[in-house]
2 protein chains.
Amino acid sequence: MGKKITIADVAREANVSVSTVSNLLNGRNGRMRVSTKERILEAINTLGYTPNQAARQLKTGHTPIIGLIVPSVANPFYGIFARHVESAALKLGFQVLLGNSDRSPEREYQYAEELWGYGVRGLIFGSSLFQVSHLDNLISRGLHVVAFERATEFEDGTQIDSVGIDNNLAARLATKHLLSLGHKRIGFLSGPIKTVSRLDRLAGYQSAMRDAGIASDPKLVWDIAPLGNSYGDSDAVDLGRQGAQELLSQPDPPTAIFAINDMIAFGAYAGANDMGLIVPDDLSVVGVDDITLTEIVQPALTTIRQPIEKIATVAVERLVARLTETTSEAQGHQIFPPQLIVRSSTIRVPAQNDN
Amino acid sequence: MGKKITIADVAREANVSVSTVSNLLNGRNGRMRVSTKERILEAINTLGYTPNQAARQLKTGHTPIIGLIVPSVANPFYGIFARHVESAALKLGFQVLLGNSDRSPEREYQYAEELWGYGVRGLIFGSSLFQVSHLDNLISRGLHVVAFERATEFEDGTQIDSVGIDNNLAARLATKHLLSLGHKRIGFLSGPIKTVSRLDRLAGYQSAMRDAGIASDPKLVWDIAPLGNSYGDSDAVDLGRQGAQELLSQPDPPTAIFAINDMIAFGAYAGANDMGLIVPDDLSVVGVDDITLTEIVQPALTTIRQPIEKIATVAVERLVARLTETTSEAQGHQIFPPQLIVRSSTIRVPAQNDN
DNA sequence: GCGATTTAGTAAAACGTTACACCAAAGTGT
DNA sequence: ACACTTTGGTGTAACGTTTTACTAAATCGC
């Protein structure tokens with residue numbers, strides 16, 4: 001309704017030129033009389049002027065927005081991740097535009113392109129698909145990407161930045177913990193293993209088992225997608241529940257389960273319950289992430305902690321550094337150590353009643 | 001690096017004028033030879049053209065983005081809400097820009113103004129503060145707002161749209177359920193009661209108690225903020241835990257707790273546990289929201305379901321209708337019915353050992 | 001007191017779209 | 001064959017900002 005206030009209105013009100021106002025707005029106020037500055041500031045205030053970012057961006061070619069694409073904020077882990085990303089970005093003067101991809105490359109590309117159109121030149125991915133070639137095009141045009149979790153290399157040798165934990169180690173920590181408690185039949189519970197991190201975790205689990213001299217049993221690895229092409233992020237709990245049920249209804253069921261994340265681990269609780277089993281008495285469970293709920297749930301969940309705030313912060317800083325060209329070092333993968341947090345969901349394997 | 005592709009490049013490649021390309025892009029292709037159309041489409045493809053939204057917006061004055069401001073996506077309830085909002089918005093051709101406010105009016109205003117600068121003319125609020133006057137300015141300039149939960153009226157009589165559940169009824173349902181199980185000392189566990197919805201819930205709780213002929217005991221209402229000005233959204237669980245502890249360490253402690261949302265209810269589980277009490281044997285708990293975890297947690301949480309997908313969808317549709325001027329009916333509050341979901345966290349009050 | 005320098009600003013050309021106003025050529029009715 | 005209408009476009013002035021190049025006035029060194 002009210003006519004829009006432009007920089008020209010401010011200039012008129014303050015009796016200066018448009019350029020002067022612009023200069024002040026952009027911090028080029030080195031040579032400016034204090035009185036002038038104050039006059040402009042006051043004009044801005046009384047008029048209620050807000051810079052038109054579209055015009056600004058049109059001129060400068062970029063916008064202080066970074067895109068954040070996660071599988072699904074319905075998963076509390078990504079919700080928290082998103083918050084930390086937002087905090088870090090805000091501190092550096094960037095807004096965050098969030099998208100949920102459900103790990104679909106099409107959705108990811110769609111988002112990336114959409115955001116590109118909005119002048120977004122930096123993207124954080126909350127997941128690690130095997131291939132990022134669907135983004136090659138945009139990246140070659142100047143899009144910067146940092147991924148949570150290690151990313152694969154491009155064919156042409158370029159890499160994207162990434163930051164995350166050592167997933168192989170995370171899985172080994174979890175598996176060894178269970179092994180040390182005397183468990184021998186340890187299930188691996190996952191959504192479809194189509195991401196680098198999930199693959200690494202499977203490898204870590206397998207190597208720990210191998211180190212313990214236990215032949216790997218493919219029947220103990222559950223990684224089926226429930227509904228077509230979902231990766232089970234929004235419905236991780238249901239997925240874990242179903243998986244646990246299936247694992248536990250086998251002839252020689254596992255006495256422990258390593259779940260690929262906490263939400264799936266919670267699902268395993270429910271699945272065990274459905275089968276009349278009690279965690280941890282009949283089944284030990286360990287997860288990954290260490291979301292808030294782990295301490296609340298009964299029994300409190302043993303899990304592998306990801307230093308999520310640190311990861312989010314580093315991801316943002318890295319991205320912003322690229323955007324502002326203060327660094328041109330080669331892309332790389334920054335790794336933080338995962339940490340085993342022992343709570344009450346894992347106990348020594350009960351005396352075997354070998355029958 | 002690669003020079004940016006503009007509409008002019010496409011026009012040249014397709015041997016038409018810029019206007020023609022623009023016309024096609026904006027669906028004004030009624031009078032256009034099919035061959036021309038195809039030529040343009042092909043040019044767009046081979047060139048990899050993406051419209052510059054900034055320029056587009058600068059011209060049109062608006063952008064197909066709606067803002068979503070929630071207290072904190074770290075709370076899974078808002079994470080899910082955000083997902084539903086995104087789905088609904090995408091279907092109508094809008095992107096979603098998400099912000100976390102922690103219910104701070106300053107942050108809300110900051111976001112609103114920031115988004116305004118980006119051409120955002122529609123905002124969805126995931127919470128209901130008492131006053132929205134900090135947005136008056138923007139609203140009078142043409143910002144449209146729809147709030148989750150009832151909003152207060154403006155001084156000048158204007159209202160903002162809102163959609164939500166009947167919070168008073170929700171609280172009454174929960175409280176009556178507990179009363180029907182024989183509970184008489186029922187605690188009310190909340191973060192600071194500074195939102196309309198929380199106030200309504202308190203009122204509903206109190207009226208249900210009154211109807212049952214039970215004098216209200218202020219000592220049973222816990223609503224203290226833990227750290228200064230937080231509303232306890234990011235740390236709802238901790239808040240609930242602390243509150244439950246304090247409620248339960250009173251001389252005549254409650255036998256049941258009505259928690260203002262599920263996360264706080266989970267916190268109450270933990271708080272009870274800390275005190276050596278077992279839910280539901282020693283304490284019945286009912287929450288609000290019905291997030292996914294309610295079924296997983298032990299015992300499964302009795303709660304009041306909010307039809308969150310419906311609410312999100314309606315909120316978006318309402319907002320988009322305003323933005324596209326297809327409606328000019330008066331603002332109003334659309335209410336959906338809450339629903340009691342009885343699970344295992346509430347049981348009949350055990351035989352009293354009156355000592 | 002005069003040229004050089006510094007201070008404090010200003011003018012105007014982009015940036016990539018959209019949308020209004022226009023127009024040439026072909027078709028139509030009589 | 002003439003006056004209209006329809007078809008399929010085109011030319012160009014905005015939109016609000018940034019930024020490069022420029023300048024008038026004040027100050028300075030000597």
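Letters A, B, ... mirror the listed sequences (proteins, then strands); counts begin at 1. Quick caveat: nothing in here was measured; it's all calculated off a predicted structure.
Atoms CG and CZ, from B:Leu138 and B:Arg121 in turn, are 8.0 Å apart once rounded to the nearest 0.5 Å.
Nucleic acid contact for A:Arg33: sugar-phosphate only, since backbone atoms but no base atoms lie under 4.0 Å from a heavy atom of the residue.
Rounded to whole Å, the distance from CZ on B:Arg12 to P on D:dT10 is 14 Å. Rounded to an integer number of Å, the gap from B:Leu24 CG to D:dG8 P is 14 Å. Summarising the geometry, the separation between CG on A:Leu58 and P on D:dA14 is reported as 17 Å, rounded to the nearest angstrom.
Not less than 6.0 angstrom separates the ring centroid of A:Phe148 from the ring centroid of A:Phe125.
Counting heavy atoms from C-beta on, the side chains of A:Phe94 and A:Leu323 come closer than 4.5 Å. Here the side chains of B:Ile124 and B:Leu319 are in contact, with some heavy-atom distance below 4.5 Å.
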Below 3.5 Å is the cut-off: list the nitrogen or oxygen pairs between protein and nucleotides 18-21 of chain D, distance only.
residue, atom, partner, partner atom, Å
D:dT18, OP1, A:Asn26, OD1, 3.4
D:dT18, OP1, A:Asn26, ND2, 3.3
D:dT18, OP1, A:Arg56, NE, 2.6
D:dT18, OP1, A:Arg56, NH2, 3.2
D:dT18, OP2, A:Ser22, OG, 2.9
D:dT18, OP2, A:Asn26, ND2, 3.3
D:dT19, OP2, A:Arg28, NH1, 3.3

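Side-chain N/O atoms of B:Arg31 include none lying less than 4.0 angstrom from OP1 or OP2 on D:dG8.
Protein chain A contacts DNA chain C over a range whose 5' and 3' limits, counting nucleotides with an atom under 4.0 angstrom from a non-hydrogen atom, are C:dT7 to C:dG16.
Annotation: side chain to side chain donor-acceptor pair (under 3.5 Å) contacts of A:Glu317 (sequence neighbours excluded): none. Every residue was checked against the salt bridge (Lys or Arg N to Asp or Glu O under 4.0 Å) condition with B:Arg33, not counting sequence neighbours, and none meets it.
Closest approach to the B:Ser17 side chain among D:dT17, D:dT7, D:dG11 is made by D:dG11 (side chain taken as heavy atoms from C-beta onward).
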In a table with atom names and distances, give each donor-acceptor pair under 3.5 Å that connects a side chain of residues 109-118 of chain A to protein atoms at least two apart or in another chain.
residue, atom, partner, partner atom, Å
A:Tyr109, OH, A:Glu113, OE2, 3.1
A:Gln110, OE1, A:Arg107, NH1, 3.3
A:Tyr111, OH, B:Glu86, OE2, 2.0
A:Glu114, OE1, B:Gln95, NE2, 3.4

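Screening residues 36-54 of chain A for salt bridge (Lys or Arg N to Asp or Glu O under 4.0 Å) gives no qualifying pairs among residues at least two apart or on separate chains.
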